[in-house]
Engineer: 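Please find one structure pasted underneath; my questions will follow.
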Amino acid sequence: MKTDLRVLLTGGAGYIGSHTAVELMRAGSDVVIADNLVNSCMSVLPRIEELGGRPVTFYNIDVCDKDALDDLFTKEHIDAVIHFAGLKCVPESVKLPTLYYRNNLTSTINLLERMAEHDVRYIVFSSSATVYGESDTMPLREDMPTGACTNPYGMTKHMSEVIIRDTAKADERLGAVLLRYFNPIGADESGRIGEDPQGIPNNLLPYVAQFATGRREKLFVNGNDYPTRDGTCIRDYIHVTDLAIAHVKALDYIIGKSGCEVFNIGTGNGYSVLEVIDAFSKACGKELKYEFAPRRAGDIPTCYADPGKAERLLGWKAERDIKRMCEDTWRWQFNNPMGYEK
């Protein structure tokens, strides 16, 4: 990676942001984090510094606050931005669509405007496979249609992509990469940082992990009548460390370039909910009993990536399999049964 970069991570104290901060620091970059701690906590910061071997500059601000963001850019010399900040719960977005549109789109627009004013020319955006909507064709490729999203969360990702792409067309100085994540799970192999959702987890693996430690009384599987091999949803699960490294590769790719490029970040393999539970049972050494529950609003049956473009252009490929993902998640959860204990 091009060294000596000072990179702003919006939402950088969160699950994916914290792992990306560590990988950036390991690659030689300095990290500035802007986070309002809605879905994260201060306790992660010393752990990021411990693993990354460098100090972190932290701003407790909301990226929707234009003045606070402008103050950050005025005080810090920022070379590039990785934009994670945003609300991310699919069921909540179905219930509270205006909250999601206001927060996620305002933060993206504010960030792009402040970047232009302070001559910051590079951005990597945390997008999602949800932009593809419900497709009958798998695997998903970057040239497939987007925008027929099944929930407001996905629409905010799609609309942010459009905003960034149009901004890059209008400003020939801007270089942007859109990373469409599939399903991040796992934790840093140290067990020092991992996923610590607020309240009851909405994603599969943290819920399974909390059930395995006794923090949750029951393990529910949402839906068993999907048109899949065992009736449960199939997803492309990717280790969060592989995902974090993809951001480092994306940043390295875009520095010195302009325009906008998009990449799927996944493994290319799909696992069902029941297959993930089985893999986690093996990782924690005990059989996990589950119960079926109704489908969740906004969920689609099957989703997995064609990650070939990222391998060709970024030189990136997922290295960690489902066994490793579950083992690393269990190490994090076993060592931190109550998360970061805010």
Side-chain angles (χ1 to χ4, degrees), residues 10-11 14-17 36 38-39 62-64 66 81-113 115 123-170 174 176-184 197-198 201-204 222-223 226 233-236 238 243 250 260-266 295-306:
T10 67
Y15 173 44
I16 301 169
N36 64 359
V38 167
N39 286 310
D62 188 331
V63 184
C64 291
K66 291 189 289 187
V81 175
I82 302 180
H83 181 30
F84 297 105
L87 300 174
K88 62 177 185 175
C89 175
V90 169
E92 183 182 58
S93 79
V94 174
K95 294 178 182 178
L96 302 170
T98 54
L99 173 66
Y100 271 67
Y101 287 119
R102 182 185 303 111
N103 184 86
N104 292 4
L105 299 182
T106 300
S107 63
T108 298
I109 293 168
N110 283 351
L111 184 60
L112 289 167
E113 289 176 341
M115 286 175 62
I123 183 170
V124 175
F125 175 60
S126 166
S127 192
S128 167
T130 57
V131 302
Y132 293 111
E134 189 169 354
S135 174
D136 294 327
T137 303
M138 292 290 156
L140 294 168
R141 301 187 315 274
E142 292 88 349
D143 59 358
M144 287 180 172
T146 60
C149 305
T150 61
N151 54 75
Y153 163 75
M155 280 302 298
T156 67
K157 291 298 187 183
H158 169 68
M159 294 168 74
S160 289
E161 283 195 6
V162 172
I163 291 166
I164 293 169
R165 199 185 299 273
D166 286 347
T167 304
K169 287 179 183 177
L174 184 65
V177 175
L178 314 175
L179 295 184
R180 292 175 182 161
Y181 308 168
F182 281 67
N183 289 71
Q198 311 296 299
N202 286 288
N203 294 327
L204 174 63
N222 295 105
Y226 287 97
C233 290
I234 290 175
R235 295 290 183 269
D236 187 338
I238 179 170
L243 177 58
C260 185
E261 194 61 84
V262 58
F263 297 97
N264 286 337
I265 304 297
R295 293 184 179 191
R296 295 192 315 176
D299 276 346
I300 61 177
T302 302
C303 184
Y304 62 96
D306 177 350

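Worth knowing before you read on, the calculation uses all heavy atoms, side chains too, and leaves out hydrogens, waters and symmetry mates. If you're wondering where the values come from, they're calculated on a predicted model, not measured in any experiment.
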Engineer: Which value, rounded to the nearest 0.5 Å, describes the distance between Asn110 atom CG and Cys64 atom SG?
Structural biologist: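 With rounding to 0.5 Å, CG (Asn110) is 6.0 Å from SG (Cys64).
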
Engineer: Are the side chain of Asp306 and the backbone N or O of Pro139 linked by a donor-acceptor pair below 3.5 Å?
Structural biologist: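 Side chain of Asp306 to backbone of Pro139: no pair is present.
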
Engineer: Check Ser107 against Val63 and note the closest heavy-atom contact, atom names and distance.
Structural biologist: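 Heavy atoms of Ser107 and Val63 come nearest at O-CG1, 3.7 Å.
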
Engineer: Looking at Lys157, is its backbone amide N or carbonyl O close enough to the side chain of Asn104 to form a donor-acceptor pair, meaning the two atoms are under 3.5 Å apart?
Structural biologist: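 Absent.
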
Engineer: How long is the span from the CD atom in Glu142 to the CD atom in Glu261, to the nearest 0.5 Å?
Structural biologist: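 The CD atom of Glu142 sits 8.5 Å away from the CD atom of Glu261.
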
Engineer: Taking the side chain as every heavy atom from C-beta outward, state whether Ile238 and Tyr181 have any pair of such atoms under 4.5 Å apart.
Structural biologist: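 They are not in contact (no side-chain heavy atoms under 4.5 Å apart), so the answer is no.
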
Engineer: Quick one: closest heavy-atom pair of Thr302 and Met138, and the distance?
Structural biologist: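 Answer, listing the atom of Thr302 first, then Met138: O-CE, 3.1 Å.
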
Engineer: Do Asn203 and Tyr15 have side-chain N/O donor and acceptor atoms under 3.5 Å apart?
Structural biologist: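 Their side chains do not contain a donor-acceptor pair, so the 3.5 Å distance test is not met.
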
Engineer: Between CG of Asn222 and CZ of Arg296, what distance do you get to the nearest 0.5 Å?
Structural biologist: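 The CG atom of Asn222 sits 6.0 Å away from the CZ atom of Arg296.
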
Engineer: Working note: Leu111 + Ile123, criterion side chain to side chain contact (heavy atoms under 4.5 Å, CB included); need CA distance, chi angles, decisive distance, verdict.
Structural biologist: CA-CA 10 Å; Leu111 184 60; Ile123 183 170; 4.0 Å; yes

Engineer: About how many Å separate CD of Glu92 and CG of Asn151, when rounded to the nearest 0.5 Å?
Structural biologist: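 If we round to the nearest 0.5 Å, Asn151:CG and Glu92:CD are 12.0 Å apart.
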
Engineer: Starting from the C-alpha separation in whole Å, work towards a yes-or-no answer on side chain to side chain contact (heavy atoms under 4.5 Å, CB included) for Asp166 and Lys169.
Structural biologist: CA-CA 5 Å; Asp166 286 347; Lys169 287 179 183 177; 4.3 Å; yes

Engineer: To the closest 0.5 Å, what do you measure between OG1 (Thr108) and CG (Asn103)?
Structural biologist: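 If I round to the nearest 0.5 Å, the distance is 9.0 Å.
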
Engineer: Passes side chain to side chain contact (heavy atoms under 4.5 Å, CB included), Leu179 versus Ser126? Steps please.
Structural biologist: CA-CA 6 Å; Leu179 295 184; Ser126 166; over 6 Å; no

Engineer: Mark yes or no for whether Ser127, through its side chain, and Leu178, through its backbone, hold a donor-acceptor pair below 3.5 Å.
Structural biologist: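 No; zero donor-acceptor contacts below 3.5 Å.
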
Engineer: For Pro301 and Arg235, which heavy atoms make the closest approach, and how far apart are they?
Structural biologist: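 Closest approach of Pro301 to Arg235, heavy atoms only: O-NH1, 3.3 Å.
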
Engineer: Heavy atoms only: give me the nearest Pro97-Pro152 pair and the separation to one decimal.
Structural biologist: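 Closest approach of Pro97 to Pro152: CB-CG, 3.8 Å.
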
Engineer: Search all heavy atoms of Ala305 against all heavy atoms of Gly266 and return the closest pair with its distance.
Structural biologist: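 Shortest heavy-atom contact: CB-CA, 4.2 Å.
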
Engineer: To the closest 0.5 Å, what do you measure between NE2 (His83) and OG1 (Thr10)?
Structural biologist: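 Separation between the atoms: 5.0 Å.
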
Engineer: How close do Ile300 and Tyr226 get, heavy atom to heavy atom, and via which atoms?
Structural biologist: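 It is C-CE2, 4.4 Å.
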
Engineer: Parallel, tilted or perpendicular, judged at 30° and 60°: which one describes the rings of Tyr100 and Tyr153?
Structural biologist: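 Tyr100 vs Tyr153 ring planes: perpendicular.
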
Engineer: Where do Leu140 and Arg180 land on the side chain to side chain contact (heavy atoms under 4.5 Å, CB included) test, with the steps shown first?
Structural biologist: CA-CA 10 Å; Leu140 294 168; Arg180 292 175 182 161; over 6 Å; no

